[in-house]
Every structure is written in C-alpha cells, then in structure tokens.
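Numbers restart at 1 for each chain; the letters A, B, ... are given by sequence-line order, proteins then strands.
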Protein chains: 2
Amino acid sequence: MQTQGQVRSANLAAVLACLRDGGPRSRARLAADTGLTKATVSSLVAELVERGLVVEGALVRPGSVGRPSTLVELDGRGFCGIGVEVNVDYLAALALDPTGTVRRETRLALDVAALAPAEVLARASALVSEVRAGQGAAAVGLTVAVPGQVQGAVVRTAPNLPRWVGTDVAAGFADQGLPVTVANDADLSALAEVSAGPHAHVADLVYLTGEVGVGGGVVTGGQLLRGSTGVGGEVGHLALTPGDAVCGCGRTGCWETVVGLAALLRAAADPGDPLRDPGRDLEDRLAEVVARARAGDARTLEALAGIGTGLGVGAAVLVALFDPAVVVLGGYFAEVGEFLLDPLRAALAQRVEDADRVVLSTLGFTAAVRGGAHVALQPVFDNPTSVPLLEAPA
Amino acid sequence: MQTQGQVRSANLAAVLACLRDGGPRSRARLAADTGLTKATVSSLVAELVERGLVVEGALVRPGSVGRPSTLVELDGRGFCGIGVEVNVDYLAALALDPTGTVRRETRLALDVAALAPAEVLARASALVSEVRAGQGAAAVGLTVAVPGQVQGAVVRTAPNLPRWVGTDVAAGFADQGLPVTVANDADLSALAEVSAGPHAHVADLVYLTGEVGVGGGVVTGGQLLRGSTGVGGEVGHLALTPGDAVCGCGRTGCWETVVGLAALLRAAADPGDPLRDPGRDLEDRLAEVVARARAGDARTLEALAGIGTGLGVGAAVLVALFDPAVVVLGGYFAEVGEFLLDPLRAALAQRVEDADRVVLSTLGFTAAVRGGAHVALQPVFDNPTSVPLLEAPA
DNA sequence: AGACAATAGTGCAGAGACCGAACGAATGGG
DNA sequence: CCCATTCGTTCGGTCTCTGCACTATTGTCT
C-alpha cells in the first residue's frame with residue numbers, strides 16, 4: 001500500500017466484495033459491514049455506479065419507522081468473464097457475469113487427442129466468440145482450463161493429451177483481444193467450488209476429479225495451493241499402494257491406477273465386454289456402468305465399491321495433510337457417487353476423524369469453465385478502478 | 001484498508017520489511033525499493049527512529065561522485081520476541097531481537113511427562129524470566145511451542161504428553177504480562193526455517209521433525225498451512241504403508257511407526273540391548289546410535305537405511321502434494337542425517353522429480369523456539385505504530 | 001583552485017481520501 | 001400535526017502521499 005489512490009481502490013473492492021458475498025444491501029448497511037463511514041460509502045457507491053459495476057435497486061420499507069433504504073446491488077449487465085475448457089473429448093465455454101449468473105454456456109464433443117492442438121485451439125476460440133456474441137456484456141478476461149500441468153501459458157505435462165506438451169495455449173486465443181490465463185482444470189474446478197454453491201467461501205477444500213486419470217485441486221487458507229513449481233496438489237500420481245499396475249507416468253502404484261476410470265472399467269468388465277471397447281465413447285461406457293449398477297449387477301457394484309475404498313484410502317492422506325472442511329468429488333466420481341460414498345466413508349473413517357466431509361460436486365462438468373470464468377472476473381473485483389468510467393463525471 | 005492512517009502503517013511496515021529482508025540501506029535506496037518517494041521515506045524513517053525501531057548507521061562513500069548516503073538499519077536494542085518450548089524431556093527459551101540476532105538462549109533438561117503441567121509451566125515461566133532479565137530490550141510477545149495440536153491456547157492432542165491435553169498453556173505465562181501465543185512445535189520450526197538461514201523467504205517448504213513421533217510443518221505460498229480445524233500438516237499419522245505396527249493413536253500403519261525414534265531403536269537393537277532400555281535418556285541412546293553407525297556397525301546402519309527409505313516413501317507423498325522448494329529434516333533426523341540422506345533420496349527419486357530438495361536442518365533443536373520468537377516479533381513488523389514513541393515529538 | 005555533475009536528503013504547497021458532525025429526506029406512530 | 005427514527009448527503013477538517021524546488025556533500029574535470 002503506497003498511495004491513497006490505492007486506499008480508494010481497496011475500499012471500492014471492499015464494497016464490491018461485500019455486495020458479492022452478502023447480496024444487495026443499503027449504503028447504511030454497507031457502512032456498518034465495511035467499517036467505513038456512510039459518507040465514504042456514498043462516495044464509493046457513486047463511483048462504482050459510474051463504472052457500471054453496481055446499480056441502485058428497490059426501495060425497502062424499514063421494519064418500523066425511518067426513511068426507507070435504497071438497495072445497492074451488483075450490476076451484471078456490463079461485464080462478464082469467460083472460461084473455456086479443452087479436455088480429452090470435448091470443448092466447453094461459459095460466460096459468467098459479476099453477479100455469479102451464467103450468461104451463456106456451450107459444449108462441443110470433440111476428439112481432441114486426435115487433432116492437432118492448433119486446430120483444436122481454433123475451434124475453442126470460435127466457441128469463445130460464440131459465447132461472447134450477442135450480449136451487451138463486455139468480456140474482461142479469458143481463462144483456459146487444460147487437463148495437465150501448466151507453466152505460464154504453456155502446457156508442461158498432459159498425460160491424456162501428450163501432443164499438447166509445449167503448446168502455448170494463450171497464443172491460440174490471441175484473436176480474442178483479452179487477457180488470457182491458462183490453468184489446470186482441477187485447480188479451476190476447486191476455485192469454482194469455493195466461489196459459489198454450497199461451499200462458497202470455504203477456505204480449505206480439496207477437489208478430486210475422476211477422468212481417465214485423477215486430478216486434484218487444493219484450496220488452503222482461501223488460496224489455491226500452487227507449490228514452488230506450480231505442480232502442487234498433484235494427487236493422481238501419489239504412490240499410496242505398492243500395487244503393480246503400471247501408470248502412464250511410467251511408475252507403479254500411482255493412485256490413478258487404482259481409482260481412475262480405466263481401473264473402474266477393468267474391474268467392472270472382462271476383456272471383450274463392450275465396456276472395454278477402446279473405440280467407444282467414454283461417456284457412453286460410463287452411462288452403461290451406472291445403468292448396470294442401478295440394475296444391481298454384482299460385478300459392477302463390487303468394482304465401484306473397490307473404487308470407493310481406494311478413494312477413501314487416498315482421501316485419508318489428503319484429509320490428514322490439508323485438513324479441509326470438505327472434500328468434493330467431481331468428474332466421473334460425482335456421476336457414480338451414489339455407489340462410491342459408503343465404501344469411501346467407511347475406509348476414511350478407519351483412518352481419520354469426520355469422514356462425512358466428503359461430498360459430491362453439484363457443478364458437474366461445468367466446474368472447470370465456471371472456475372475459469374470466475375478467475376477471469378477476479379481483476380475487476382480486486383481493482384475496480386481498472387474498469388473505465390461509463391460517462392464523464394459532471 | 002479503510003483509513004489513511006493504515007496507509008501510514010503499511011508503509012512503515014514496508015520500510016521495516018525492506019530493511020529486515022535486504023539489510024541496511026540508504027533512504028534513497030529505500031525509496032527506490034519500496035516505490036515511495038524520497039520525501040515520504042524520510043518521513044517514515046524519522047518516525048521509525050522515534051519509535052526505536054531503526055537507527056542511522058554509517059556514512060557510505062558512493063562509488064563515484066555524489067553526496068555520501070547515511071545507512072538506515074534495524075535497531076535491535078529496543079525490543080525482542082521470546083520463544084519458549086515445552087517438549088517431552090526439556091524446556092528451552094530464546095530471545096530474538098528485530099535484527100534476527102539471538103540475544104539470550106537457555107535450555108533445561110526436564111522429564112516433563114513425569115511432572116504436572118502446572119509445575120512445568122511454572123518452571124518454563126521462570127526460564128522466560130531468566131531470558132528476559134538483564135537486557136535493555138523489552139519483550140513484546142511470547143510464543144510457546146508444544147509437541148501437539150493446539151486450539152487457541154489449549155492443547156488438544158499431545159501423543160507424547162497425554163497429561164497436557166486440555167491444558168491452557170497461555171495461562172501458565174500470564175505473570176509475564178505479555179501477549180502469549182501457543183502453537184505446534186513443528187509449525188514453529190517450519191516458520192523458523194523460512195524466516196532465517198539458508199531457506200529464508202522460501203515460500204513453499206516442508207519441515208519434518210523426528211521425535212518419539214514425527215511432526216510436520218508446512219509452509220505454502222509463504223503461509224503456514226493450518227487447515228480448517230488447525231490440524232493441517234499432520235504427517236505423523238499418515239497411513240502410508242499397510243504395516244502392522246500399532247501406533248499410539250490406536251491405528252496401524254501410521255508413518256511414525258515406521259520412521260519414529262521408537263522404530264529406529266527397535267530396528268537397531270534387540271530387546272535387552274541398552275538402546276532399548278526405556279529408563280535411559282533418549283538423547284543418550286540417540287548418541288549411542290550415532291556412535292555405532294560411525295563405527296560401522298552393520299545392524300545400526302541397516303536400521304538407519306530403513307528409516308531413510310521410509311522417510312523417502314513418505315516424503316514422496318509430501319513432495320507430490322505440496323511441491324515444496326525444499327524439505328527440511330529436523331529433530332533426530334538431522335542428527336543422524338548423514339546416514340539417512342542417501343537411502344531417502346534413492347526412495348524419493350523413484351517416485352518424484354528432484355530428490356535433492358531434501359536437506360538437513362541447520363537450526364538443530366532451537367528451531368521451535370526460534371520460530372516462536374519470530375512469531376512474537378511479527379506484530380511489530382506488521383504494525384510499527386503499535387510501538388510507542390520513545391520521546392515526545394518536538 | 002574553481003566550476004560542474006552527481007547523488008542524498010529535506011521543505012513546502014497541493015491533491016486525494018477518509019472522518020465526524022450537521023443537515024435534509026422519507027416514513028410510521030402517537 | 002409533530003416527533004422519533006433511519007437513510008443518505010454536504011461540508012469542513014485532518015492525514016498522508018506526491019512532485020518539485022532546494023540544500024548538502026562529494027568527486028572529477030579544466
């Protein structure tokens with residue numbers, strides 16, 4: 001903090017955060033909640049209105065006597081953040097406005113692994129253009145979620161998209177003319193979980209996503225855990241069990257060889273079973289697993305229970321180390337969650353306290369794009385003065 | 001940030017931090033380093049001098065032409081922070097001044113487990129008085145390190161000091177008239193490692209301390225990992241290996257049953273061996289282990305190699321999850337480190353990249369008290385205006 | 001020896017931001 | 001119809017930083 005201009009900016013941000021986290025309220029309540037005086041809040045609100053970030057809302061009758069208050073609320077019309085996801089078998093994009101409302105959302109099935117990265121990026125950018133089009137809200141930023149480790153804007157490792165290693169993902173969206181951030185999909189999903197929904201504002205959360213591999217995102221103390229080289233929270237290749245299955249990373253015993261989607265399919269069906277047909281869409285096969293389990297097929301249920309137990313063993317380590325308030329299961333874990341939770345909690349309860357903190361994600365496959373859009377909007381909330389004034393001050 | 005008074009405070013803190021982290025320097029360089037103007041820095045330095053936090057030092061001749069600069073440096077004479085440690089078989093206390101210099105240090109062997117907590121606290125408080133006495137520096141705070149999990153000022157769990165559970169440790173130091181903080185010893189040691197010495201300012205670090213059990217302290221993104229209930233970084237009871245050894249916590253397979261001091265002694269000597277004599281001081285026995293290892297005793301070396309391998313297996317999990325720049329081994333691990341590092345790094349290298357990031361602590365058994373004293377001093381650096389003016393402004 | 005350039009540090013007027021108190025606005029109750 | 005209550009604004013005051021001018025001190029060049 002150096003200049004009083006930054007004080008102004010910080011206080012504008014405090015008012016915005018208050019409105020975002022606690023909903024619309026009067027200037028008087030904003031003053032009480034932020035500790036600022038009513039005079040200052042009036043001035044701050046006026047500036048935020050000029051920047052198109054908040055609007056005056058309804059008049060609210062007080063409970064008893066007194067002048068009615070004018071609600072102040074976030075203005076969702078002016079801006080939005082864009083999240084876009086490149087995953088193994090689909091692309092997705094989403095526009096989120098400052099109020100937390102999803103403005104546009106789209107998804108495109110695509111065999112990403114079979115195409116050149118440049119080709120995929122062109123289609124993803126087209127998807128972004130589609131999401132941006134036809135709405136008054138100006139996009140303020142773009143975040144790209146990729147299933148791998150990212151350094152800067154470049155993919156460093158991507159077990160399920162090996163051709164993407166070394167790709168500068170941000171460059172593929174240069175035509176959008178927006179600030180572009182590239183990040184790991186599980187990390188962004190974790191941020192999505194703590195930014196909205198039932199776990200909003202939880203400061204310590206672990207997100208696990210089941211894909212072909214297993215991804216993890218960890219939030220501690222309200223911050224995303226990154227680690228010294230940006231590889232923190234890498235749960236897929238934890239060496240938990242001295243198992244013999246060889247992982248894509250070349251080692252044995254990695255957690256994802258135990259609880260990844262491949263492990264489930266192997267355990268649930270013999271070679272020759274349609275579930276093991278590598279040419280079939282993974283989503284289709286997963287739907288069939290769910291159908292068999294619901295029909296009570298013993299082999300399937302046993303396989304799912306095995307995954308649940310394996311998850312519990314690993315989750316015990318994560319719970320002991322991170323002490324999260326909640327462990328959220330996303331990706332395919334959420335889809336088959338009803339069959340996982342009991343064995344998972346049983347295994348977890350043997351090892352740590354409070355096994356009930358494991359829950360299923362309600363965001364589905366939109367978690368990553370939602371988190372990405374949230375990240376893209378963040379600069380507006382952090383520094384409201386970066387948003388231009390709408391009309392010249394009189 | 002609400003008032004411009006807090007701007008002043010933040011800028012005073014910025015100047016102090018600059019001097020602490022980068023050493024003495026002129027006002028002009030402070031201005032360049034903090035981004036403030038020279039005029040502002042002059043004003044800030046004047047106030048810090050009035051509060052007894054910095055002093056003017058030597059005149060430095062410039063390399064070529066120009067007026068010589070007056071160095072400004074931290075004043076270590078006025079204040080100190082106190083760290084005190086209650087451990088299984090000793091008490092220790094240390095006074096640290098703002099320059100990072102240890103002013104007084106003392107240690108007292110004591111069979112803490114055999115005494116009532118109140119009795120031990122009385123002796124610890126006497127130790128603090130001893131450290132405070134006879135120096136002009138006024139203590140600004142006191143931090144107590146205990147080998148267990150702490151909530152507020154109360155011990156929640158302490159495997160090796162079971163009688164202490166529920167003890168209000170801060171109350172035992174009320175007679176000192178200082179703000180008292182109580183914290184886990186491994187957490188404080190981790191803070192000590194990142195606050196001074198070869199790993200100063202490392203933002204991501206894992207500290208492991210070998211005692212009867214195993215303690216862990218984790219710093220991520222420059223912050224101590226606490227978790228939702230303050231139990232984060234609890235490494236001792238990680239269920240890593242499906243071993244059969246029963247842990248003090250009642251479960252099996254906990255890491256500390258594999259790499260704790262008890263495991264080492266069990267592996268290094270048969271029952272009846274003097275090393276296994278429970279009546280003997282642990283330090284003595286540890287010294288004998290080192291002596292035997294240095295003499296080349298095969299059984300001892302094998303036992304130590306086993307510990308090293310076990311450490312490597314667990315460290316692989318920690319490295320994968322936290323991605324620390326460095327893993328520091330403290331406690332007994334550091335004392336026998338020369339025999340652990342090779343097998344440890346071998347086991348680690350099989351599982352993660354960069355096994356060389358594991359190193360031995362150079363702080364020895366003073367890590368916890370040092371970290372505690374650092375924590376006690378922190379409020380002065382965070383908010384210099386909390387320190388009273390020495391002389392009334394003219 | 002003297003002028004000059006370079007660097008360090010201070011003095012001062014001004015602008016920006018918040019605060020506190022007083023004031024006008026809007027409403028329900030007696 | 002008056003008053004208490006609550007909301008929001010206006011205005012003067014204070015604090016802090018900034019930018020520029022100015023002094024201080026030294027080495028170098030002529």
Side-chain angles (χ1 to χ4, degrees), chain A residues 1-15 19 24-51 54-73 383-385 389 393-394, chain B residues 1-15 18-19 24-50 54-73 383-385 389 393-394:
Chain A
M1 189 60 48
Q2 290 163 17
T3 164
Q4 54 276 59
Q6 287 165 298
V7 172
R8 183 71 171 178
S9 187
N11 284 337
L12 289 168
V15 169
L19 293 172
R25 62 195 61 199
S26 69
R27 290 173 174 81
R29 264 210 69 193
L30 278 171
D33 293 347
T34 59
L36 299 161
T37 61
K38 288 188 297 177
T40 304
V41 168
S42 277
S43 161
L44 293 168
V45 167
E47 180 172 345
L48 291 172
V49 168
E50 278 182 0
R51 294 188 188 277
V54 309
V55 287
E56 290 202 342
L59 273 177
V60 171
R61 292 281 155 74
S64 58
V65 300
R67 171 175 167 180
S69 57
T70 313
L71 287 187
V72 175
E73 58 192 342
N383 181 17
T385 52
L389 291 166
Chain B
M1 191 59 46
Q2 289 162 20
T3 165
Q4 56 274 59
Q6 286 165 298
V7 172
R8 183 73 172 176
S9 187
N11 284 337
L12 289 168
V15 169
C18 200
L19 292 173
R25 63 194 63 198
S26 68
R27 291 172 175 82
R29 262 210 71 192
L30 277 171
D33 292 347
T34 60
L36 298 161
T37 62
K38 287 189 297 175
T40 304
V41 168
S42 276
S43 159
L44 293 168
V45 167
E47 180 171 346
L48 291 172
V49 168
E50 277 182 1
V54 308
V55 288
E56 290 201 341
L59 273 178
V60 170
R61 292 280 155 75
S64 56
V65 300
R67 173 176 166 178
S69 57
T70 313
L71 286 186
V72 175
E73 58 191 343
N383 181 17
T385 52
L389 293 166

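In this structure, A/Lys38 places its NZ atom 6 Å from C1' of D/dG8, rounding to the nearest Å. For the pair A/Leu36 CG and D/dC7 P, the computed distance is 16 Å after rounding to whole Å. Nucleotide D/dC7 holds its C1' atom 10 Å from the CZ atom of A/Arg27, rounded to whole Å. Rounded to an integer number of Å, the gap from CZ of B/Arg25 to C1' of C/dA8 is 16 Å. For the pair A/Leu59 CG and C/dA26 P, the interatomic distance rounds to 10 Å; values are reported in whole Å. Following rounding to the nearest Å, B/Leu30 (CG) and C/dG9 (P) show an atom-to-atom distance of 9 Å.
Between A/Thr40 and C/dA17, a side-chain N or O to OP1/OP2 separation shorter than 4.0 Å is absent. Listed pair B/Thr37 / D/dT18 meets the phosphate criterion, a side-chain N or O lying under 4.0 Å from OP1 or OP2. Distances shown here put a side-chain N or O of A/Arg8 below 4.0 Å from the OP1 or OP2 atom of C/dC18. For the OP1/OP2 pair of C/dC18 and a distance below 4.0 Å, the side-chain nitrogens and oxygens of A/Asn11 include at least one atom meeting the criterion. Distances shorter than 4.0 Å separate none of the side-chain N or O atoms of B/Arg29 from OP1 or OP2 on C/dT7.
Between A/Gly57 and A/Glu73, the closest heavy-atom pair is CA-OE2, 3.8 Å. Across B/Val41 and B/Ala31, no two heavy atoms sit closer than the pair CG2-CA, 3.6 Å. Heavy atoms only, all atoms of each residue included: A/Leu48 and A/Pro384 are closest at CD2-CB, 4.0 Å. Between A/Asn383 and A/Ser9 the shortest heavy-atom distance is OD1-OG, 2.7 Å. Residues A/Val72 and A/Leu19 come closest through the heavy atom pair O-CD2, 3.4 Å. Of all the heavy atoms in A/Val45 and A/Val54, the pair that sits closest is O-CG2, 4.1 Å.
By the salt bridge (charged side-chain N to carboxylate O under 4.0 Å, His left out) test, B/Arg29 is found to be paired with B/Asp33, residues two or more places apart in sequence or in another chain being considered.
Within residues 65-72 of chain A, the residues having any heavy atom closer than 4.0 Å to DNA chain C are, in order of number, A/Val65, A/Gly66, A/Arg67, A/Pro68.
Remark on DNA chain C: of its neighbouring residues B/Ser26 and A/Glu47, the 5'-side contact belongs to B/Ser26, judged by nearest-heavy-atom nucleotide.
If you check every strand for non-hydrogen atoms under 4.0 Å, A/Ala39 touches a base.
Distances were taken from every side-chain heavy atom of A/Leu44 (C-beta onward) to each of C/dA8, C/dC18, C/dT10; the shortest belongs to C/dC18.
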